[in-house]
Amino acid sequence: MVREGRILLADDHPLVREGLQIAIRARFPGMIVDAVDSIEAAETAVRAHKAYRLMLLDYRLPDSDGFSGFFRMQHVLGTTPIAIISAHDEKAIVTAARAIGAAGFLSKTQPLDELARSIETLLNGKIVFPANLGTTGDLTKLKERIESLTTAQMRVLSALARGHLNKQIAGDLDLSEATIKAHLTAIFRKLEVNNRLQAMLAVRAFFNPEDKGT
């Protein structure tokens, strides 16, 4: 049974952070919970502490879109399991979470004691997902392509998915437009697409899985 270690919790809602911290500490008195409110703060926490048993990641954070935060954290956490926690539990989002390799999907609508039990399951090396999610084959292939992107390329792709132009992306990331163009060329090659529109459509399932399109 898991009794001690360190958990990283990233959620921008103070009441959710506090509630989860209380539930985790009640079930695992020896567990340290580092709570942050953004991907940037989560990356800083990982650099400071490194050895995490589990990360609980809010689906929506101020500095990430869809699962872009998940891919960023994968780069810094390595093999540490990451579970998505969200109030948005539509089937498309949960299916995408499983396809990208998340360790689980926890709904904020669940009682805290149920969430604590699910967290215990995750800490014991098992996955936690609702049943009957259906097929994830196409998403799995896309996930493999996205995982080949560098952290810098992921940041550019995230901005691209928000519809930002090269000049704006360069300004936001403090890079030259030439560097952004070079990143986009590499991104298109890795995603096996030819242009910005194709790239945006290809990754919509991960950045905006609740958007079913037309």
Side-chain angles (χ1 to χ4, degrees), residues 8 10-12 36-48 50 52 55 57-82 84 86 88 90 92-102 136-214:
L8 178 58
D11 195 295
D12 63 337
V36 298
D37 60 2
S38 68
I39 294 298
E40 183 178 0
E43 291 172 330
T44 299
V46 173
R47 287 192 291 270
K50 294 182 175 63
Y52 283 104
M55 179 178 188
L57 175 61
D58 190 3
Y59 173 69
R60 293 189 185 281
L61 287 173
D63 57 349
S64 67
D65 295 287
F67 293 107
S68 64
F70 177 91
F71 290 113
R72 282 174 60 181
M73 293 312 302
Q74 269 193 326
H75 278 286
V76 295
L77 283 172
T79 59
T80 299
I82 303 173
I84 302 298
S86 179
H88 302 272
E90 292 89 346
I93 298 176
V94 181
T95 299
R98 188 176 70 173
I100 63 175
T136 63
D138 291 341
L139 290 177
T140 300
K141 293 177 183 177
L142 178 56
K143 173 225 176 188
E144 292 171 354
R145 295 172 187 168
I146 291 179
E147 283 184 337
S148 70
L149 301 177
T150 65
T151 301
Q153 289 165 358
M154 271 302 307
R155 292 177 185 272
V156 172
L157 181 60
S158 176
L160 178 67
R162 294 196 298 270
H164 292 179
L165 300 177
N166 289 7
K167 183 176 182 179
Q168 184 176 359
I169 298 174
D172 291 343
L173 301 182
D174 195 24
L175 298 171
S176 69
E177 287 191 58
T179 299
I180 298 301
K181 290 178 181 178
H183 280 318
L184 288 174
T185 298
I187 290 168
F188 296 162
R189 183 182 70 252
K190 291 179 178 180
L191 294 183
E192 299 183 10
V193 298
N194 298 316
N195 53 51
R196 299 170 68 95
L197 178 59
Q198 289 179 357
M200 292 172 67
L201 292 174
V203 301
R204 183 171 57 186
F206 287 141
F207 287 90
N208 296 290
E210 67 271 34
D211 178 9
K212 296 178 176 59
T214 57

*Report the residue from Ser68, Ser64, Pro62 that forms a side-chain contact (heavy atoms from CB on, under 4.5 Å) with Ile39.*
Ser64
Locate the shortest heavy-atom distance separating [X] from [Y]; write the atom from each residue and the value.
X: Asp12; Y: Asp37; answer: CB-O, 3.6 Å
X: Ala41; Y: Val36; answer: CB-CB, 3.7 Å
X: Phe188; Y: Asn194; answer: CD1-O, 4.1 Å
X: Ala97; Y: Phe67; answer: N-CZ, 3.7 Å

Side-chain atoms of residues 173-181: list all donor-acceptor pairs with protein atoms under 3.5 Å, sequence neighbours left out, distances to 0.1 Å.
{"unit_1": "Ser176", "atom_1": "OG", "unit_2": "Thr179", "atom_2": "N", "d": "3.1"}
{"unit_1": "Ser176", "atom_1": "OG", "unit_2": "Thr179", "atom_2": "OG1", "d": "2.8"}

Heavy-atom check, side chain of [X] versus side chain of [Y], under 4.5 Å:
X: Leu191; Y: Ile146; value: yes
X: Leu184; Y: Ile169; value: no
X: Gln153; Y: His183; value: yes

Atom pair [atom1] ([X]) and [atom2] ([Y]), whose distance is rounded to the nearest 0.5 Å:
X: Ile84; Y: Met55; atom1: CD1; atom2: CE; answer: 8.5 Å
X: Asp11; Y: Arg60; atom1: CG; atom2: CZ; answer: 12.5 Å
X: Gln168; Y: Leu160; atom1: CD; atom2: CG; answer: 11.5 Å
X: Met154; Y: Glu147; atom1: CE; atom2: CD; answer: 10.0 Å

I'd like a table of donor-acceptor pairs (distance under 3.5 Å, sequence neighbours excluded) in which one partner is a side-chain atom from residues 69-80, with atom names and distances.
{"unit_1": "Arg72", "atom_1": "NE", "unit_2": "Glu43", "atom_2": "OE2", "d": "3.4"}
{"unit_1": "Arg72", "atom_1": "NH1", "unit_2": "Asp63", "atom_2": "O", "d": "3.2"}
{"unit_1": "Arg72", "atom_1": "NH2", "unit_2": "Glu43", "atom_2": "OE1", "d": "3.2"}
{"unit_1": "His75", "atom_1": "NE2", "unit_2": "Leu149", "atom_2": "O", "d": "3.0"}
{"unit_1": "Thr80", "atom_1": "OG1", "unit_2": "Tyr52", "atom_2": "O", "d": "3.4"}
{"unit_1": "Thr80", "atom_1": "OG1", "unit_2": "Leu77", "atom_2": "O", "d": "3.3"}

*With sequence neighbours left out, write down each residue that passes salt bridge (Lys or Arg N to Asp or Glu O under 4.0 Å) with Arg196, or none if nothing qualifies.*
none
*asked:* Let's go through Thr95 and Arg98 carefully: what are the C-alpha distance in whole Å and the side-chain angles of both, what is the deciding distance for side-chain hydrogen bond (donor to acceptor under 3.5 Å, both in side chains) to 0.1 Å, and is it a yes or a no?
replied: CA-CA 5 Å; Thr95 299; Arg98 188 176 70 173; over 6 Å; no
